[in-house]
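Each chain gets a letter, A, B and so on, in the order its sequence line appears, and its residues count up from 1.
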There are 2 protein chains.
Amino acid sequence: MYNQPEPRIVIIEDDQTIREGYAYLINHTSPYTVVATYPSFDSARNKIVRDNPDVIILDIQLPGTNGIDALPVLKRLLPDVYIIMLTVYETEKTILDALANGASGYFTKNTPTAKLIEAIRDVVQGGGPMSPDVAKTVILSLQRNPDSPLTRRETQILELMTTGKDRGQIAKELFIEIETVRTHTKNIYSKLNVNSKAEAIQVAKDKRLV
Amino acid sequence: MYNQPEPRIVIIEDDQTIREGYAYLINHTSPYTVVATYPSFDSARNKIVRDNPDVIILDIQLPGTNGIDALPVLKRLLPDVYIIMLTVYETEKTILDALANGASGYFTKNTPTAKLIEAIRDVVQGGGPMSPDVAKTVILSLQRNPDSPLTRRETQILELMTTGKDRGQIAKELFIEIETVRTHTKNIYSKLNVNSKAEAIQVAKDKRLV
DNA sequence: AAAATATCACCCTTTAAGGGGTATTTTTTA
DNA sequence: TAAAAAATACCCCTTAAAGGGTGATATTTT
């Protein structure tokens, strides 16, 4: 068994204080090495492959190319790199976009360096660390509306509708007749004040009914 | 300003060692109070409202009613309670189901009590703590397939399709003609080897293309 | 016992979707 | 900078799936 070399870190963050602060503390209080820091993605672009980082700490609000747009590029340049996002303002969409595009972790900027170092350890071990507020947003995005007007069966059928299944497939899956599925569908439409599958799916997503 | 009373904790966990271990350590090393512990949800059902907990630590694998099914019932009984799930085996579906049904946090059972106490603090402060492995699963569930055969535009259109929008709405939203949407749709179908919107959505969900 | 939920059936109408073909412009990449 | 890929747009024709209306019985929950 070979000794794994300690992870190499690159920080891309426009605020000099934060950038240098994290770099200093990671270098001096952790086994990891910050091999380079950049104030923007555009300045990192041509050098980062040679830096050969294992983990990139990437700010979202950057001058020029922002962190979200940088993500897929970095992933293409360095397919195996772990990316931890850093941000001040976190909207649900931003967070979800970042994660959808391959971020491994997500923290707000008030995160103490010690937590960030923990996070680096977690990602290289295959985990997906997030600060509690980010996790909360993610959880919320997964959570259903507890005040749904739909019954259990209706919710179930609506959910199957959102997956693109048609009446026949839904009926088969639930071991009921197509006509029963129709009846439920009509009740769903009436409760949601819509009159098409498409609208129902939109309301469902909108109100987190499924 | 009144002093907030310290959070009251209930633990529902069938393994006596774990149950009593957590209870003891929470009571003795944290400001929180474990007001009751139960070996099953069924045994907790009639008493838990009187326990008036702020946070419930809920095991998933329970004799009788399992933790996932217990979740909605607990939420109805105690609408404002925070629930932290505890589990040994975590499949993606289990985790996502738990979160969809109102869990506030999610940990695997090897979690040290200190982390659990941190988690209790986090949830009462509105956060959504998860252990890194759970977070990883959640992140993975949000992540797109990096090897999608679709172009950017196609992905965008497929995504809009999954939200139930029809050609017309998609065209309007993207400021292009309906016929262009059609062309993209045809290309999507051909790349995904399908020939209907429904199938496309199913493949999209299946392969995490959107 | 009443109310809510879930089940099944038949009529008829409409429309959004799908197949096939062609062509120009813009953007990306080698 | 030339070639390839992606994005844009139009026409013809066909049909499956969806939707509206109405009525009825069985099962569960409260």
Exercise. Are B/Asn110 and B/Thr108 linked by a side-chain donor-acceptor pair shorter than 3.5 Å?
Worked result: yes
Exercise. Which residue, B/Ile57, B/Ile56, B/Ile60, forms the side chain to side chain contact (heavy atoms under 4.5 Å, CB included) with B/Met85?
Worked result: B/Ile60
For this session: Go through the steps for B/Lys109 and B/Glu13 under the test salt bridge (Lys or Arg N to Asp or Glu O under 4.0 Å), then give the verdict.
Result: CA-CA 11 Å; B/Lys109 273 194 193 168; B/Glu13 157 69 58; 3.3 Å; yes
Problem set entry | Those residues of residues 150-160 of chain A lying under 4.0 Å from DNA chain D by at least one heavy atom | none
Problem set entry | Qualifying residues under salt bridge (charged side-chain N to carboxylate O under 4.0 Å, His left out), relative to A/Arg144, sequence neighbours excluded | A/Glu159
Exercise. So does B/Lys93 have more than 12 non-hydrogen atoms from other groups sitting under 6.0 Å from NZ?
Worked result: no
Problem set entry | Distance (rounded to the nearest 0.5 Å) between B/Asn101 CG and B/Ile68 CD1 | 7.0 Å
For this session: Verify whether one side chain among B/Asp133 and B/Ser131 offers a donor that lies under 3.5 Å from an acceptor in the other.
Result: yes
For this session: Please step through side chain to side chain contact (heavy atoms under 4.5 Å, CB included) for the pair B/Ser141 and B/Leu96, ending with a clear verdict.
Result: CA-CA 9 Å; B/Ser141 83; B/Leu96 264 25; 3.7 Å; yes
Problem set entry | Point-to-point distance, once rounded to the nearest 0.5 Å, from CD of B/Gln61 to CG of B/Asn66 | 8.5 Å
Problem set entry | Distance-only polar pair, side chains of B/Tyr38 and B/Asp51, donor-acceptor under 3.5 Å | yes
Seminar exercise, completed: B/His184 atom NE2 is separated from C/dA23 atom P, nearest whole Å, by 19 Å
Problem set entry | End axis versus end axis in the helix from C/dA1-D/dT30 to C/dA30-D/dT1, the angle rounded to 10°, five pairs used at each terminus | 90°
For this session: Hey, could you give me the CD1/CD1 distance between A/Ile26 and A/Ile120, rounded to the nearest 0.5 Å?
Result: 4.0 Å
Exercise. When B/Leu209 is tested against each of B/Thr155, B/Leu192, B/Ile201 for side chain to side chain contact (heavy atoms under 4.5 Å, CB included), which residue passes?
Worked result: B/Leu192
For this session: Would you please say whether a donor-acceptor pair under 3.5 Å links the side chains of B/Gln16 and B/Arg19?
Result: no
Problem set entry | Flag for B/Ser40-B/Ser43: side-chain donor and acceptor within less than 3.5 Å | yes
Review item, nucleotides 14-19 of chain D N/O atoms under 3.5 Å of protein N/O:
from, atom 1, to, atom 2, distance (Å)
D/dA18, OP1, A/Lys197, NZ, 2.9
D/dA18, N7, A/Arg167, NH1, 3.4
D/dG19, OP1, A/Tyr189, OH, 3.3
D/dG19, OP1, A/Lys197, N, 2.1
D/dG19, OP2, A/Tyr189, OH, 2.5
D/dG19, N7, A/Arg167, NH2, 2.8
D/dG19, N7, A/Arg182, NH2, 2.7

For this session: Would you mind reading off the distance between B/Lys186 atom NZ and C/dT22 atom P, rounded to a whole angstrom?
Result: 12 Å
Exercise. What's the verdict on side chain to side chain contact (heavy atoms under 4.5 Å, CB included) for B/Met130 and B/Ile139, showing C-alpha distance, side-chain angles and the deciding distance?
Worked result: CA-CA 11 Å; B/Met130 295 182 253; B/Ile139 288 177; over 6 Å; no
Exercise. Looking at residues 172-180 of chain A, who's got a heavy atom less than 4.0 Å off DNA chain D?
Worked result: none
Seminar exercise, completed: Here the residues of residues 203-210 of chain A within 4.0 Å heavy-atom distance, strictly under, of DNA chain D are none
